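Worksheet: one structure, shown below.
Note that the structure is predicted; figures quoted are calculated from it, not measured.
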Amino acid sequence: MELNAAKQAFRECVKLAGGFEAAADLMGVSKTLLHNLQSPNMPDDPRERPLSFLMRLEDAAQKPCFLTARAASHGMVLMPAASSECDDFRDVLLKFAAVAGRLVDDGSQAFEDKRIDAAEEKTLRADLHAIASAVHELASAVNKERGR
């Protein structure tokens, strides 16, 4: 994917997620960083951000901006799954991936300074709780699919 396409997809995600202030609050970063990642005049590259960062923004935007742009850069388009049953399992799997990605991202950021403070611990414990729930939901979905 070209840099301009990545910046355009990032710009679209920020807009759909409620603008720079809402997206900055959601992502836990400054508005300046978000401006730089979408600006064609700045060298910041959204393709270098962690996947969990981009997925969290796409989730807030409720549209797969980056995935659509990445597919287009390879001459492909995204198509919805044909079966609603497939969608159910896929949705559970994608939810698990998003929760796991958030845990990895939050854990990496928390341990950046080689220590975890109280606020970071609270975030990580919430992530761990979410991942435990996602594991149970995924296990149930696997059992349901296996039983078909």
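The cluster map of Ile, Leu, Val, Met, Phe, Trp and Tyr, joined by side-chain heavy atoms under 4.5 Å apart, puts Leu16 and Leu34 in different clusters. Criterion: ILVMFWY side-chain heavy atoms under 4.5 Å apart, direct or through other members. Under it, Phe66 and Leu26 are part of a common hydrophobic cluster. Transitive grouping of hydrophobic side chains (ILVMFWY, heavy atoms separated by less than 4.5 Å) keeps Leu124 and Met27 in distinct clusters. Taking hydrophobic clusters as Ile, Leu, Val, Met, Phe, Trp and Tyr residues chained together by side-chain heavy-atom distances below 4.5 Å, Met42 does not share a cluster with Val29. Linking Ile, Leu, Val, Met, Phe, Trp and Tyr whenever their side-chain heavy atoms come within less than 4.5 Å leaves Phe10 and Leu3 in two separate clusters.
Scanning all heavy atoms of the two residues, the minimum distance from Gln38 to His35 falls at NE2-O, 3.1 Å. Annotation for Cys13 and Cys65: closest pair SG-SG, 3.1 Å, computed over non-hydrogen atoms. When all heavy atoms are compared, the tightest approach of Gly101 to Ser52 is O-CB, 3.1 Å. Across Met55 and Ala97, no two heavy atoms sit closer than the pair CE-C, 4.4 Å. Nearest heavy atom pair, residue Ala130 against residue Val99, reads C-CG1, 3.6 Å. Contact detail for Ala17 and Leu57: the closest heavy-atom pair is CB-CD1, 4.0 Å.
Distance check: Thr123 OG1 to Glu121 CD gives 10.0 Å after rounding to the nearest 0.5 Å. How far CG of Leu94 is from CZ of Phe89: 10.0 Å, rounded to the nearest 0.5 Å. Between Ser30 atom OG and Asp25 atom CG the span is 11.0 Å, to the nearest 0.5 Å. A distance of 13.0 Å separates CZ of Arg125 from NE2 of His129, quoted to the nearest 0.5 Å. To the nearest 0.5 Å, atoms CG (Asp105) and CZ (Phe53) are separated by 8.0 Å. How far NZ of Lys95 is from CD1 of Ile131: 12.0 Å, rounded to the nearest 0.5 Å.
Of the possible donor and acceptor atoms, none in the side chain of Lys7 sits under 3.5 Å from a partner among the backbone N and O of Pro40. With hydrogens and angles disregarded, no donor-acceptor distance shorter than 3.5 Å links the side chain of Lys31 to the backbone of Ala23. Formation of a donor-acceptor pair under 3.5 Å by the Glu120 side chain with backbone atoms of Asp117 is found in this model.
The existence of a salt bridge linking Glu58 and Lys63 is excluded, since no basic side-chain nitrogen approaches an acidic carboxylate oxygen closer than 4.0 Å. Using a 4.0 Å cut-off between charged nitrogen and carboxylate oxygen, Asp44 and Arg49 do not count as a salt-bridge pair.
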Notebook entry, point to check: Does the pair Arg90 and Leu93 meet the rule for a side chain to side chain contact (heavy atoms under 4.5 Å, CB included), with working shown?
Noted result: CA-CA 5 Å; Arg90 185 189 64 197; Leu93 190 59; 5.6 Å; no
Notebook entry, point to check: Checking salt bridge (Lys or Arg N to Asp or Glu O under 4.0 Å) for the pair Arg56/Asp106: CA distance, chi angles, key distance, verdict?
Noted result: CA-CA 12 Å; Arg56 188 181 306 170; Asp106 289 344; 3.3 Å; yes
Check: Going through the distances and angles, do Asn36 and Ser39 end up as a side chain to side chain contact (heavy atoms under 4.5 Å, CB included)?
Finding: CA-CA 5 Å; Asn36 292 349; Ser39 173; 5.5 Å; no
